[in-house]
Amino acid sequence: MERIASFSVDHRVLEPGVYVSRRDADPTAGCVTTTFDLRMTAPNREPVMDTSAVHALEHLGATFLRNDEEWKNRVIYFGPMGCRTGFYLVLFGDYESADVADLVLRLFTFAAEYEGDIPGASPEECGNYHDADLNQAHWWAKRYVAKTLSCLDEAHMAYQAFLDE
C-alpha cells in the first residue's frame, strides 16, 4: 500500500498552524475539495486535548461553520483528528490556508467566547452527550487563538518545513 501524504509530515517537528492537508478533485463532477489541518498542539511534544474538550469544540465548530453566511454552503466536514491534536476542516473548493485564516480565527474566537448550553449536546441530539466540557473547550480555543491564529505566518500555513523526505 502507498504511504498517505499526511504520514509524510514529520510529526516530531510539526507546529500548530493552519495547513492544507490535501486537495481532491473529481473530474466527473468538476469538483475540488480542500482538507485543512487545523493543528492546535505540537504533536508528541505537547499534551493532547481531552476527548471532552474535543467533543465540545466539535459541536461548537460545526454549529459556527454551518451558520456562517459566507462559508456554510462550502462546508463538508469539521471534526477531530484521532490523535486529538487538532481538527480537520473539509471544504468544497480549491483554497490555500490564507483563504481560510480569517474563518478559522472567527471560529475559534466564537468557541473561546461561547456561553450557554453546548449546541447539540442533549441525549436526543448526540450519542455521547455527557462527554463535553465547555470550560476545557474555552481554554483550548483561547490558546489556539492567542498562540497561533492571532500571529499566523507563512511558516505555519505550509507543510514544506515539516516534510519527512
Side-chain angles (χ1 to χ4, degrees), residues 5-6 9-11 13-24 32-121 126 132-163:
S6 63
V9 176
D10 188 341
H11 287 70
V13 295
L14 182 63
E15 296 177 0
V18 175
Y19 304 99
V20 172
S21 177
R22 60 184 290 152
R23 284 188 184 81
D24 296 286
V32 174
T33 61
T34 305
T35 301
F36 291 94
D37 170 338
L38 309 181
R39 190 66 60 154
M40 296 178 68
T41 72
N44 303 309
R45 299 183 312 282
E46 293 181 327
V48 299
M49 294 178 278
D50 275 0
T51 58
S52 59
V54 169
H55 195 195
L57 286 168
E58 175 191 20
H59 280 240
L60 292 169
T63 299
F64 175 85
L65 290 165
R66 301 238 181 243
N67 283 281
D68 185 84
E69 283 303 316
E70 180 183 354
W71 290 92
K72 67 182 179 182
N73 294 323
R74 295 181 250 179
V75 175
I76 298 171
Y77 174 76
F78 174 78
M81 296 175 178
C83 61
R84 295 181 291 144
T85 62
F87 290 84
Y88 289 114
L89 172 61
V90 184
L91 301 171
F92 286 114
D94 188 358
Y95 301 106
E96 298 296 334
S97 296
D99 298 327
V100 299
D102 180 65
L103 174 67
V104 175
L105 175 61
R106 289 188 294 113
L107 167 113
F108 283 95
T109 300
F110 168 81
E113 297 172 353
Y114 183 83
E115 295 297 330
D117 294 335
I118 297 169
C126 180
D133 187 325
L134 185 58
N135 289 327
Q136 281 191 52
H138 284 161
W139 189 89
W140 283 105
K142 287 175 186 174
R143 179 181 187 268
Y144 191 42
V145 167
K147 290 184 74 171
T148 304
L149 300 176
S150 64
C151 54
L152 195 61
D153 59 12
E154 289 295 321
H156 295 89
M157 290 193 285
Y159 275 153
Q160 282 76 12
F162 308 108
L163 292 179

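Taking every heavy atom of both residues into account, Asp94 and Thr34 meet most closely at CA-OG1, 3.5 Å. Between Ala98 and Met157, the shortest heavy-atom distance links the atoms N-SD, 3.8 Å. The two residues Ala101 and Leu152 make their nearest non-hydrogen contact at CB-CD2, 3.9 Å. Across Cys83 and Thr85, no two heavy atoms sit closer than the pair SG-OG1, 3.0 Å. Looking at every heavy atom in both residues, Asp99 comes nearest to Glu96 through OD2-N, 2.7 Å. Across all non-hydrogen atoms, the minimal contact from Ala56 to Asp133 is CB-O, 3.7 Å.
Looking only at side-chain heavy atoms (C-beta outward), Pro16 and Met40 stay at 4.5 Å or farther from each other. Between Pro119 and Leu60, the closest side-chain pair of non-hydrogen atoms falls below 4.5 Å. Proximity of Arg66 to Val75: side-chain heavy atoms (C-beta onward) are separated by under 4.5 Å at one or more points. Proximity of Met49 to Leu57: side-chain heavy atoms (C-beta onward) are separated by under 4.5 Å at one or more points. Looking at heavy atoms from C-beta onward, Asn67 lies out of side-chain contact with Leu65 at the 4.5 angstrom threshold. Between Glu115 and His138 the shortest side-chain heavy-atom distance falls below 4.5 Å. At least one side-chain heavy atom of Tyr159 sits less than 4.5 Å from a side-chain heavy atom of Asp37. In this structure, the side chains of Tyr19 and Leu14 come closer than 4.5 Å at one or more pairs of heavy atoms.
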Start with the C-alpha gap between Val18 and Val100, add the side-chain angles, then the distance that decides, and say whether side chain to side chain contact (heavy atoms under 4.5 Å, CB included) holds. CA-CA 9 Å; Val18 175; Val100 299; 4.1 Å; yes

Verify side chain to side chain contact (heavy atoms under 4.5 Å, CB included) between Phe108 and Thr148, making sure each step is shown before the conclusion. CA-CA 11 Å; Phe108 283 95; Thr148 304; over 6 Å; no

Please assess Gln136 against Val54 for the test side chain to side chain contact (heavy atoms under 4.5 Å, CB included), listing each intermediate value before the final yes or no. CA-CA 9 Å; Gln136 281 191 52; Val54 169; over 6 Å; no

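Atom CD1 of residue Ile76 and atom CG of residue Asp24 lie 9.0 Å apart, to the nearest 0.5 angstrom. Distance CG/Leu103 to CZ/Arg74: 9.0 Å, rounded to 0.5 Å. Once rounded to the nearest 0.5 Å, the distance linking NE2 of His55 with SG of Cys126 reads 3.5 Å. With rounding to the nearest 0.5 Å, the separation of CH2 in Trp139 from NZ in Lys142 is 11.0 Å. Residue His156 holds its NE2 atom at 12.0 Å from OG of Ser97, rounded to the nearest 0.5 Å. Of the inter-residue distances, the one linking Tyr95 atom OH with Arg23 atom CZ reads 11.0 Å to the nearest 0.5 angstrom.
Ring centers of Tyr88 and Tyr77: at least 6.0 Å apart, outside the cut-off.
Between Phe87 and Phe78, the two ring planes are parallel [angle under 30°; tilted spans 30° to 60°].
Side-chain atoms of Asp50 never come within 3.5 Å of backbone atoms of Ala53 as a donor-acceptor pair (strictly under, hydrogens ignored). Looking at His11, its side chain does come within 3.5 Å of a backbone N or O of Val9 through a donor-acceptor pair. Not a single donor-acceptor pair under 3.5 Å links the side chain of Ser52 to the backbone N or O of Ala132.
For Asp153, the CG atom is densely surrounded, since the number of other residues' heavy atoms within 6.0 Å is greater than 12.
Here Asp68 pairs with Arg106 in a salt bridge; the nearest charged N to carboxylate O distance falls below 4.0 Å. Using a 4.0 Å cut-off between charged side-chain N and carboxylate O, Arg39 and Glu46 make no salt bridge.
Under the side-chain contact (heavy atoms from CB on, under 4.5 Å) rule, Tyr144 has a single partner from Leu105, Leu107, Leu149, which is Leu149.
In terms of the ring pair (Phe, Tyr, Trp, His ring centres under 6.0 Å) criterion, Trp140 has no residue partners (sequence neighbours excluded).
No donor-acceptor contact under 3.5 angstrom links the side chains of Thr51 and Arg84, judged on distance only.
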